[in-house]
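Quick note: numbers below take in every heavy atom, side chains included, and nothing from hydrogens, waters or symmetry partners. Just follow the structure's listing: the first ligand is 1, and inside any ligand the first atom is 1.
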Amino acid sequence: MVKRSKKSKSNRVSLKKKHKIIKKVKEHHKKKAKEAKKLGLNKKPKVEKDPGIPNDWPFKEQELKALEIRRERAKAELEQNKAARKERAKKRKLGLLEEEDDVSMKKESVGEETLPVSKIRDNSERAFYKELVKVIEASDVILQVLDARDPLGTRCSDMEKMVMKSGAEKRLVLLLNKIDLVPREAAEKWLKYLREELPTVAFKCSTQEQKSNLGWKSSSKAGKTGMSGNSILQTSDCLGAESLIKLLKNYTRSHEIKKSITVGIIGLPNVGKSSLINSLKRSHVVNVGATPGLTRSLQEVQLDRNVKLLDCPGVVMLRSSENDASIALRNCKRIEKLEDPISPVKEILKLCPSKVLVTLYKVPSFDSVDDFLHKVATVRGRLKKGGIVDVEAAARIVLHDWNQGKIPYFTMPPTRTEAEVSEAKIVTELGKEFNVDEVYGSESSFIGSLKSVNEFNPVEVPPNVPISFDERMLEVHDFRAVFVF
Ligand SMILES: Nc1nc2c(ncn2[C@@H]2O[C@H](COP(=O)(O)OP(=O)(O)OP(=O)(O)O)[C@@H](O)[C@H]2O)c(=O)[nH]1
């Protein structure tokens with residue numbers, strides 16, 4: 001055996017000693033386990049076994065059958081709920097289900113009497129209408145946002161009447177939004193036309209995605225640097241914010257007694273009300289999206305010490321009896337909810353030269369709306385099960401493009417009749433309150449730098465007439481009656 005040096009500090013031991021230790025530890029554990037067993041310490045608690053139905057019970061057979069039926073029923077109910085959930089999720093994905101429908105489902109589950117879906121939608125539209133009334137009531141200045149592509153078609157005469165009726169001290173201002181989508185000639189003519197009736201400002205909302213620090217393009221810079229039409233169209237910055245704020249400040253100053261004002265923002269769905277608020281606030285404070293009806297209730301945003309903004313939902317019951325397609329083309333209905341998306345596309349084909357659509361969708365020439373949609377569906381790969389082309393999906397794509405400005409179009413103001421000319425008056429007093437000359441002067445620079453018709457060849461379409469509310473809603477809600485809350 002190797003003798004260990006007395007100086008060595010190593011812990012190495014001989015194998016004999018190591019095995020002896022292992023053996024001892026094993027014996028110790030064994031002894032402990034034996035003792036624990038004796039005391040009953042490591043016994044697992046016994047699970048009470050279900051004795052089941054005693055064999056000698058006379059009704060055992062019937063009871064087993066009833067049990068089986070109950071089990072089957074519970075299983076079927078689970079399956080049913082699962083299928084209903086799947087169906088609802090599918091509908092929600094397609095945008096066919098509203099929150100109210102969910103509410104009705106919940107009510108159904110607790111056994112309450114439920115309303116038909118159409119009635120629920122009616123009620124939701126009335127709720128939006130009530131929000132609109134609240135916004136008008138609470139505001140000093142009401143900004144009606146119009147889509148510059150079709151300002152008359154996105155004007156709502158009933159909303160304007162509501163403002164007029166709600167008080168002599170309320171002021172209505174028009175805001176021509178999305179000017180980046182129209183040629184300079186149209187923007188200028190529309191501004192002149194609308195300014196004959198009401199103070200009107202031109203605007204382009206910021207379309208930036210970031211949460212804060214949304215850009216503003218100063219109107220003076222746009223003019224001085226001679227920004228080309230191209231750069232104006234490409235910039236995602238907001239244009240016209242300075243002029244609008246100047247206009248509001250002028251109004252605040254002209255009413256010395258009143259230091260702060262509330263500005264209600266109203267307009268048809270999708271004209272850009274929420275985008276306007278975000279652009280002014282320079283951050284995403286309210287939700288924005290290409291879906292009409294995104295804003296569902298009144299929202300308050302404090303712009304600064306003197307100005308409070310109120311965002312209003314745009315969906316109200318609109319008179320759609322004469323032409324559903326025209327409502328769809330004004331971007332007032334959810335495209336996913338349209339029962340017939342093909343009719344509005346038919347209208348688009350009537351308005352647009354086929355050359356424009358062939359180039360835009362990269363399809364061969366077509367001879368009918370069905371042919372066009374078949375070709376679009378094939379090019380875009382919209383196929384149903386079994387490889388059948390999905391014409392409706394193609395129609396929805398075209399409608400989206402129309403509403404988002406991918407199919408460029410614009411309108412020109414109609415010539416006023418003699419009666420209208422005498423009616424249309426520049427409300428000089430109103431103009432003074434807002435000091436419009438100063439404001440209009442500052443915005444002319446960026447209007448001048450918009451693209452001209454020849455530069456991007458948009459399609460000129462006839463302007464629509466202003467839209468009204470559905471009479472059914474007006475019957476129920478007399479304006480004065482609704483103002484009493
Ligand atoms: N090109 C362009 N698009 C804009 C402009 N302003 C808004 N949009 C787009 O228009 C769509 C609708 O904007 P929203 O601000 O959600 O419209 P809204 O009026 O609040 O809509 P509702 O909530 O349905 O009442 C969005 O896709 C915006 O990006 C603009 O000045 N130019």
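Atoms of ligand 1 lying under 4.0 Å from at least one heavy atom of L181, given by number and element, are 1 (N). Listed by number with element, the atoms of ligand 1 under 4.0 angstrom from any heavy atom of K204 are 31 (O). Remark: ligand 1 atoms within the under-4.0 Å shell around heavy atoms of C205 are 5 (C), 6 (N), 30 (C), 31 (O). Counting the atoms of ligand 1 from 1 in the order shown, those under 4.0 Å from a heavy atom of G272 are 7 (C), 13 (O), 14 (P), 15 (O), 17 (O), 18 (P), 19 (O). Residue contact check: S275 has heavy atoms under 4.0 Å from atoms 6 (N), 7 (C), 13 (O), 14 (P), 15 (O), 28 (C) of ligand 1.
A 4.5 Å side-chain heavy-atom check between V461 and F410 finds every atom pair outside the cut-off. In this structure, D437 and V439 have side chains that are not in contact, with every pair of non-hydrogen atoms separated by 4.5 Å or more. With a 4.5 Å cut-off on side-chain heavy atoms, N306 and Y251 do not count as touching.
By the criterion of a heavy-atom distance under 4.0 Å, the side chain of N177, and not its backbone, is placed next to ligand 1. Residue contacts with ligand 1 for D180 involve side-chain atoms from C-beta outward but no N, CA, C or O (heavy atoms, distance under 4.0 Å). Under 4.0 angstrom from ligand 1, there are no non-hydrogen atoms of L276.
In this structure, R195 forms a cation-pi arrangement with Y440, its terminal cationic atom sitting closer than 6.0 Å to the ring centre and no more than 45° off the ring axis. Under the 6.0 Å distance and 45° angle rule, R380 does not count as a cation-pi partner of Y361.
In summary, K385 and D390 do not engage in a salt bridge, as defined by a charged side-chain N under 4.0 Å from a carboxylate O.
On a distance-only criterion, D311 and ligand 1 share no N/O pair closer than 3.5 Å.
Environment of NZ in K246: crowded, with over 12 heavy atoms of neighbouring residues, nucleotides or ligands closer than 6.0 Å.
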